[in-house]
Each structure stands twice: as structure tokens, then as C-alpha cells.
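Report on one structure; see the data block that follows.
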Amino acid sequence: MALKDVVKISRKTFFNPTGWLGYDSLGAQFRSSWQILKDMFTTPTAGNTETFEQAQQRFNLTEEQIQHISKQFSLFTYILVACGVMTILFSFYLLFRGVFSGFLIGVATTAVFCAYAFRYSFWRFEIIHRKLGCTFNEWWTGKVSPHEDKRNVD
């Protein structure tokens with residue numbers, strides 16, 4: 001083996017700013033972060049579309065079980081809203097006591113409670129109206145539009 005291959009001295013031996021900054025790693029992290037952000041803001045497409053009755057048959061649910069699940073979702077919604085109200089009240093107490101970081105954590109916790117309450121309320125709305133895939137507008141108004149459910153279910 002030649003001596004020049006053993007002792008490779010080049011410009012990058014003493015001056016390599018891209019290596020110092022970790023340019024390749026930064027690029028990979030940027031691409032990964034960009035992919036995560038794109039995935040967060042794209043709506044996933046449903047793999048299979050089925051009606052409420054088909055889902056009921058697939059899970060072998062009786063009408064009594066469905067009513068029980070609906071009552072449980074309602075109870076979960078009330079409990080989570082109550083926890084959210086208590087948390088936001090405590091957050092404001094912390095704000096007035098001068099603990100701003102506690103206030104921020106309390107507001108974030110309240111948002112989580114409200115998100116879960118919305119989820120259970122939405123699921124209960126779908127159970128009551130016997131339609132899967134309701135929209136937020138339908139939940140907000142409390143009415144299911146009849147022309148919305150035109151899916152080809154094979």
C-alpha cells in the first residue's frame with residue numbers, strides 16, 4: 001500500500017465546515033420534520049367504507065349493547081367536560097397567584113380534556129344517528145343531512 005493512501009491529507013482534513021455543522025444530519029432531520037408536518041395536515045383516506053349496520057354486524061353488537069355504549073360515551077363526555085372546567089379554573093387560580101408556567105400547563109391539559117370530550121360526544125352522535133363518517137358541521141348543528149350518505153358499499 002502506498003504511503004499517500006495511508007496518510008490521506010486533503011482540504012477536508014483541516015477545513016470542513018459542512019462536516020462541522022453536520023450538514024447531512026441537518027438535511028435528514030429537515031426532511032423528516034417536513035414529512036411529519038405533511039402527514040399531520042393531510043386527511044387520510046378511509047380504507048373501507050361501511051354503513052353503521054355493517055359495522056354492527058362485524059362487531060356482533062346487539063341493540064342493548066349499542067345503547068349501553070352510547071350511555072357510556074355520554075357519561076365520559078360529562079366527566080371530561082367537568083375535569084376540563086375544574087382544570088381551567090385551577091389554571092386561572094395559578095395565573096392569579098403568579099405561576100404562569102402552571103397556567104400554561106393547565107390550559108394545555110384543559111385542551112386535552114376538551115378534545116377527548118369532543119371525541120366521545122362525536123362518537124355518540126354517530127351512534128344516535130346510525131351513520132358513520134359524520135362531519136363536524138353535522139355534529140355542530142345536530143342534524144345529519146340525508147344527501148351526504150351516498151357511498152358505494154359493496
Side-chain angles (χ1 to χ4, degrees), residues 12 14-151 153:
K12 290 187 176 184
F14 301 107
F15 186 73
N16 187 8
T18 58
W20 299 336
L21 296 175
Y23 182 76
D24 296 334
S25 298
L26 284 174
Q29 286 177 353
F30 177 76
R31 285 188 296 276
S32 174
S33 299
W34 184 252
Q35 187 62 41
I36 290 170
L37 284 174
K38 279 183 8 184
D39 291 344
M40 281 176 50
F41 291 107
T42 56
T43 306
T45 57
N48 60 347
T49 55
E50 62 183 357
T51 63
F52 186 84
E53 290 76 22
Q54 289 172 337
Q56 182 180 358
Q57 289 174 356
R58 184 167 55 100
F59 289 114
N60 297 324
L61 294 173
T62 63
E63 196 60 39
E64 293 82 26
Q65 289 173 326
I66 291 174
Q67 293 303 321
H68 180 69
I69 291 170
S70 176
K71 288 179 185 176
Q72 282 182 331
F73 285 173
S74 178
L75 179 66
F76 292 162
T77 301
Y78 293 139
I79 289 172
L80 289 166
V81 167
C83 288
V85 168
M86 287 188 298
T87 306
I88 196 70
L89 291 175
F90 185 68
S91 299
F92 279 112
Y93 168 76
L94 290 175
L95 179 65
F96 291 132
R97 298 288 290 177
V99 185
F100 189 69
S101 60
F103 170 74
L104 292 178
I105 291 171
V107 168
T109 306
T110 301
V112 170
F113 280 133
C114 291
Y116 276 102
F118 166 72
R119 179 172 73 174
Y120 285 114
S121 174
F122 190 82
W123 286 350
R124 183 172 184 269
F125 179 81
E126 288 184 330
I127 289 173
I128 288 172
H129 292 284
R130 302 279 196 249
K131 179 187 171 197
L132 298 179
C134 293
T135 63
F136 177 78
N137 192 28
E138 290 172 338
W139 175 82
W140 185 257
T141 59
K143 295 182 270 186
V144 175
S145 54
H147 66 279
E148 288 275 335
D149 198 16
K150 292 184 179 177
R151 294 181 252 170
V153 181

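In this chain, residues are counted from 1 in sequence order.
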>> Taking ring pair (Phe, Tyr, Trp, His ring centres under 6.0 Å) as the criterion, tell me which of W123, F118, F122 meets it with F73.
In response: W123
> Of all residues at least two apart in sequence or in a different chain, which pass the side-chain hydrogen bond (donor to acceptor under 3.5 Å, both in side chains) check with Q67?
Replying inline: E63
>> Which residues pass the side-chain hydrogen bond (donor to acceptor under 3.5 Å, both in side chains) test with N60, not counting sequence neighbours?
In response: none
> Does any pair with a residue in residues 72-85 pass side chain to side chain donor-acceptor pair (under 3.5 Å), and if so which ones, sequence neighbours excluded?
Replying inline: H68-Q72
> What side chain to side chain donor-acceptor pair (under 3.5 Å) pairs are there with at least one residue in residues 103-122, not counting sequence neighbours?
Replying inline: S121-W139
With sequence neighbours excluded, tell me which residues meet side-chain contact (heavy atoms from CB on, under 4.5 Å) with [X].
| X | result |
| --- | --- |
| L104 | F100 |
| E64 | T62 |
| T42 | none |
| F52 | Q56, I66, I127, R130, L132 |

Cut-off 3.5 Å, no hydrogens considered: what does the side-chain donor-acceptor table look like for residues 84-92, sequence neighbours left out?
unit_1: T87; atom_1: OG1; unit_2: C83; atom_2: O; d: 2.6
unit_1: S91; atom_1: OG; unit_2: T87; atom_2: O; d: 2.7

>> Ignoring hydrogens, what is the shortest heavy-atom contact between I128 and S70? Give both atom names and the distance.
In response: CG1-OG, 4.2 Å
> Can you name the salt bridge (charged side-chain N to carboxylate O under 4.0 Å, His left out) partners of R58, sequence neighbours left out?
Replying inline: E50
Only pairs under 3.5 Å count here: list side-chain donor-acceptor contacts from residues 26-37, not counting sequence neighbours, and write none if there are none.
unit_1: R31; atom_1: NH1; unit_2: G27; atom_2: O; d: 3.4
unit_1: S33; atom_1: OG; unit_2: Q29; atom_2: O; d: 2.9
unit_1: Q35; atom_1: NE2; unit_2: D39; atom_2: OD1; d: 3.2

> So how far is it from H129 NE2 to E138 CD, rounded to the nearest 0.5 Å?
Replying inline: 9.0 Å
